[in-house]
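Every heavy atom of this structure was used, including side-chain atoms; hydrogens, water molecules and symmetry mates were not. To find a chain, count down the sequence lines: A is the first, B the second, and so on, and within it residues start at 1.
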Amino acid sequence: MEKKLLKKDRLSGIVKKMADDKPVYAPVKDEDNVLFKILEPGMEPLISFANTKDAPKKVFFPHSELLMKYTRSPKGMVFAAMPAGEKEFVLFGVRPCDARSFVLLDMLFDQEKWKDPYYIDKRKKGTVISMACVHPPYAACFCTSVDGSPTSTQGSDIQLTDLGETYLVEFLTPKGEALAPYFAEATAADASAEAKKQAIAEQSAAEIQRKIPGRAIKPILDVSFEHPFWDTIAGKCIACGTCTYLCPTCHCFDISDEMKGDDGVRIRNWDSCMFPLFTLETSGHNPRTSQKQRWRQRLMHKFKYYVDNFDAISCVGCGRCVMACPVNIDIRKIVDDISKLQV
Amino acid sequence: MEKVEKKLREEAKKLLAEKKVDVVVGYEAGTLPLTATPVFITAPEEADRLVWNAFCHHNLAKYVHDLISANRDSQKRLKPEDRKRKVVGVVTKGCTSRSLVIHLQERQYERLDLSILGVPCTGYVDRRALAEKLGGEEILEGSLDGANLKIRTASGEKTIAVKDVLAANCVTCRFNNPVISDVMLGEPAPAMNPAAEYAEIDEFEKLSPEERWAYFQKEMAKCIRCAACRQACPSCYCRTCFAEQSMPQWVGISEDPSDTQVFQFMRMYHMVGRCVDCGSCVSVCPMGVDLRKFLKKLDKDCFVLFNQRAGEKIDFPAPLQDQRMDDKEDFIFNPGGGH
Amino acid sequence: MSHHDKPAGRKSEGWEPKIVAIVCNWCTYAGADLAGISRIQYPPNVRIIRVPCTGRINPFYVVKVLQAGADGVLVSGCHPGECHYISGNLSARRKFATLKSFLNYIGIEDGRTTFTWVSASEGERFAQVVKAVTERVKALGPATKLVKKLRDADVAVAK
Amino acid sequence: MQKPLHQIAAENPYVPMPVEVIKIITEVDTKDIKTFRLAFVNKEDEERFRYIPGQFAELSLYGRGESPIGIASSPTQKGYIEFTVQKAGVVTTALHEMEEGTLMGVRGPLGNSWPIEFLEGKNIVVVGGGFAFTTLRSLINYMIFEENRKRFGKITVVYGARSPGLLLYKDELEAWGKRGDIDLNVTVDKGDATWKGREGFVPTVCKEVAPSRENAVTVICGPPIMIRFTLPVFFDLGFSKENIITSLEMRMKCGIGKCGRCNVGSKYVCKDGPVFSLAELDKLTKEY
């Protein structure tokens, strides 16, 4: 695929130009958070930032999403309408770890047998422009331990890499190439640019010193469901959903109905395996009654069940849960500890 | 503070060794620089993990309630004479002690269930204030050096005074020493600045209703409904929160502006006379919602209307558990005069 | 958009406020009854919900009513000292003092929520209260704050 | 762009197909279990809703949401589908308040099913307790259907309820009893004045009936306590774990393996289950 060089000061203008034509989600400063928002006229996309507080999964898998609308007739429920299909849009400024999360989510939402039309529609319409991490943005980053890298192109349609004076613009997919006209002023990249990127990739990956045995714990997890170790991890967990809501790969949801007068809607909302109610059955029976079980589920789901089902770790090493956990439950430490278990 | 920490470890060790407590709930160093995290110490030899410093922001009363109720639940099927009390030692600063008082007022457990290790408090560091001081730069390394923080970021070494990054609730704290304790580890800490306690609220009250509504809307729009505020709050101990009831469903679960506003409003309103301004909900909020702007109003009203402060006195019912014939009723509508 | 939620512009023509009154069984409900028996005129904007005692009213009822789109809420019970259950209204008074203050604080207009006492013999007062509350709410226009709107879907489907 | 609803439902697994409640049967004395007979509004949906006994569907009610319920009718019964529902939560309570003629929604069929191919040519022992008999009834009706009967060997049924008034499908039980090709054993924990049948718990009855393990499979569904005491009976009779098959219940929402809540180990009960053999369950974590 094509590679180009773009003068750095031109990027912001290009993104804003795109935003004139179609919705563009970009990292923007919102008080003291950096969040993905649709760029409105006058808003400035953040070009230089560490990473967003919220994961960009919300663009494809919104926190609350309308599934359908219905009305009440004298006879009962009558289906009324579907949400409008998505228009084409651009998701700009995604970090490579987060872009990889889309590939992981695809495995679940776009399976052979059951397809999730809402997610798939958005994935089809959205073009992902990622920004390679020239330096890992956080000390909590650990993408290299979970099959990723600071310059991974997985899940990206275009990737930008800061080469100092210019950005290397890599058009990775046909969807990405469709945006090439916006980069008309960019010049062809030569072999030296590619070499530079290669050097950056190596350098940046090397800067991530914190390693966890992401793949290596799978055989241990296979046989340690009942291990007493699990009793030690979740005591201080307050059972909030911060980790799961900020996680780029957590995808559990709930479906709820709301009505007003004769109008009704069915909405799906993020849910969290950290919440006691997540598995509570009407009968009062709850297969997971303790926070220990819920934590085990979260960890197993990411490092064992997903590997069993899709041969992929459902964690991209973005470090959000590490940094945002209100009580500092550090998944890196837990994975470390698991790797040392005697089983 | 190091002296307090040393005494704390000794005391915890002693309590555990003498089997006077089953567990000591305290703080240990976190895995990120300049953080502390809750820890449960059950063996004397582990007591040296305990720390006491300006990063200990959690209100540990939350865990006291959790531990004691879990213990009680686990023994439900035993005969009363076979049931065992679980005594919880808890590292207790001023706000924590007031939460314990609230639990006791609300008959959640008995005083016998507690061993209160009182610590004098001079406030904790607000992570957001610190991040702002650093211009959002990542803290790579950090240490506490007396009254200052020594921090290394990508752009170099920095020194920041702890007093410049204290949490807002700490700066104006009226109760920075525990109101009840079994043992005090150190001299009482000097007073903070309670005179300014309601300054922010007074200012906000001066705004027009439209301005206040705009602010409320803006803050609530940040909320992602992760419920960390509720989960961290020692006063939020309902077995089933109203927000999770399905018959009737009080609030919708979606990220709807109205549902979020109503959820937050009602959760906060449940704190009348029960919010100790420990700042837990604020410090755990991943999105930085300014909950204190609203919670502190309830605190002020409680004082103005009922002359009470949450969790101040153990032998006094909480404001909404009580009433007086001569309570103020300026808000009662009187058509035809006298309003 | 269905015919049920016509867009109500501020003080749009023909708009009449919807006011929900939550009243106690022993005093205010009887007072409302008396107003009716005595044929005292008052605006028809009020829908009454009867509860045993104001002490029974979960403050959530008031907030929930606002969320559901009522333009005003009236809560009324026995005068202090006259509660059928001795002190239910005194408990309620503490709750509503703080609730109203808190609602005002977040910017809900003062006139949206009204708390008062009406005894069983005060038919006239009940009518006065309803009249005054209706006027106050009318002056404010349709409620918008805290009001929940359903998400909208825009692609219709052939049945 | 307007598409007919049946086409949307065919493309979108979250969209329920409209059905009309054509019959409501109160099954038990306590009146909290009813059978709902539903007919598809659109012919195309009826065509598409091809199910196998053991599968379930999400029943959809205006403003209340959805509830996953096992299909109680057999695919051999044409023109309608049936669900037997106990009144418990938000959706099922609203269901119980419905009248005949109401319109609602159905999404499915979902989940795997009783392993019909595996069962073919074998002797089948069906063991059910109380309210959990619904999908077993589906299976029995499927097996005894004229064209199907010869595909299966001997059929033994043990079905128990706490009292005679709590037995489901009383008319059918009577009809099955009259057939010669099914060994029906209905039992109640405690009978009443009019009860002439068997008394005793399901495990005890299973022990008495003592079906042979030769070329036999047990399909069992019931309250956990019944299962706990019945399984040892079958182990004693020599049934292997591969030949004991049951169905799990879990809290579900999407029913298609996305929402994550019925996750047990690497499996989703909604998609990989609800039917599992004991041998398969042994490999799962005990989180159900």
Side-chain angles (χ1 to χ4, degrees), chain B residues 201 204-205 207-217 219-220 242 248-252 254 256-259 261-266 268-273 293-298 300-302 304-306 319-336 339, chain C residues 55 58-64 66-69 74-76 79-81 87-118 124-133 135-136 144-151:
Chain B
I201 306 310
F204 194 72
E205 283 172 345
L207 300 176
S208 73
E210 292 313 313
E211 287 170 308
R212 294 198 300 266
W213 174 250
Y215 189 79
F216 179 72
Q217 258 187 315
E219 287 303 310
M220 295 309 135
F242 69 85
Q249 192 186 46
W250 292 104
V251 284
S254 50
D256 172 88
S258 165
D259 281 328
Q261 288 157 6
V262 168
F263 163 67
Q264 288 287 4
F265 182 88
M266 284 315 291
M268 291 195 284
Y269 180 71
H270 279 178
M271 293 301 136
V272 175
K293 179 82 94 243
F294 304 101
L295 285 162
K296 197 66 186 165
K297 164 67 174 169
L298 297 172
K300 181 186 165 184
D301 278 357
C302 232
V304 172
L305 293 168
F306 316 125
L320 290 195
Q321 294 175 342
D322 197 13
Q323 35 44 41
R324 300 268 187 282
M325 192 58 203
D326 59 353
D327 277 335
K328 291 186 185 123
E329 60 162 45
D330 310 343
F331 71 105
I332 294 292
F333 181 64
N334 271 312
H339 182 56
Chain C
N58 184 337
F60 216 136
Y61 295 178
V62 175
V63 178
K64 203 63 197 153
L66 290 172
Q67 191 192 21
L74 167 65
V75 173
S76 180
H79 288 275
S87 61
N89 56 353
L90 299 185
S91 297
R93 186 165 61 181
R94 282 201 164 194
K95 283 189 242 173
F96 297 138
T98 45
L99 177 69
K100 178 157 177 84
S101 169
F102 198 36
L103 281 167
N104 288 4
Y105 185 77
I106 66 159
I108 304 299
E109 304 90 337
D110 188 57
R112 295 274 178 219
T113 54
T114 305
F115 300 92
T116 193
W117 317 125
V118 174
E124 189 67 50
R125 180 178 160 97
F126 181 79
Q128 270 184 345
V129 166
V130 171
K131 219 173 131 193
V133 167
E135 273 162 23
R136 288 213 299 180
T144 53
K145 296 166 186 169
L146 292 180
V147 179
K148 174 152 181 171
K149 292 188 194 82
L150 278 192
R151 275 160 197 260

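- The CZ atom of B:R212 lies 7.0 Å from the CG atom of C:N104; values are rounded to the nearest 0.5 Å.
- Both the backbone and the side chain of C:K95 come within contact range of chain B, judged by heavy atoms closer than 4.5 Å.
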In sequence, state the C-alpha distance, the side-chain angles, and the governing distance for C:R136 and B:F333, and then conclude on side chain to side chain contact (heavy atoms under 4.5 Å, CB included).
CA-CA 12 Å; C:R136 288 213 299 180; B:F333 181 64; 4.0 Å; yes

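- Only the side chain of B:F242 comes within contact range of chain C, with at least one heavy atom under 4.5 Å from a heavy atom of that chain.
- At most 12 non-hydrogen atoms from other residues, nucleotides or ligands lie less than 6.0 angstrom from NZ of C:K131.
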Is there a side chain to side chain contact (heavy atoms under 4.5 Å, CB included) between B:D259 and C:Q67 once you walk through the steps?
CA-CA 8 Å; B:D259 281 328; C:Q67 191 192 21; 2.8 Å; yes

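- Heavy atoms of B:D301 lying under 4.5 Å from chain C belong exclusively to its side chain.
- Taken from OH in B:Y269 to OG1 in C:T98, the straight-line distance is 3.0 Å, to the nearest 0.5 Å.
- Between C:F102 and B:F265, the ring centre distance stays below 6.0 Å.
- Side chains of C:Y105 and B:F204 form a contact here, defined as non-hydrogen atoms less than 4.5 Å apart.
- Between C:S101 atom OG and B:L298 atom CG the span is 8.0 Å, to the nearest 0.5 Å.
- Two residues are said to be in side-chain contact when any heavy atoms from C-beta on lie closer than 4.5 Å; B:Q217 and C:K145 fail this criterion.
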Where do C:F60 and B:V251 land on the side chain to side chain contact (heavy atoms under 4.5 Å, CB included) test, with the steps shown first?
CA-CA 10 Å; C:F60 216 136; B:V251 284; 4.1 Å; yes

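- Between C:E109 atom CD and B:W213 atom CH2 the span is 9.0 Å, to the nearest 0.5 Å.
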Verdict with reasoning, B:K297 to C:I106, per side chain to side chain contact (heavy atoms under 4.5 Å, CB included)
CA-CA 10 Å; B:K297 164 67 174 169; C:I106 66 159; over 6 Å; no

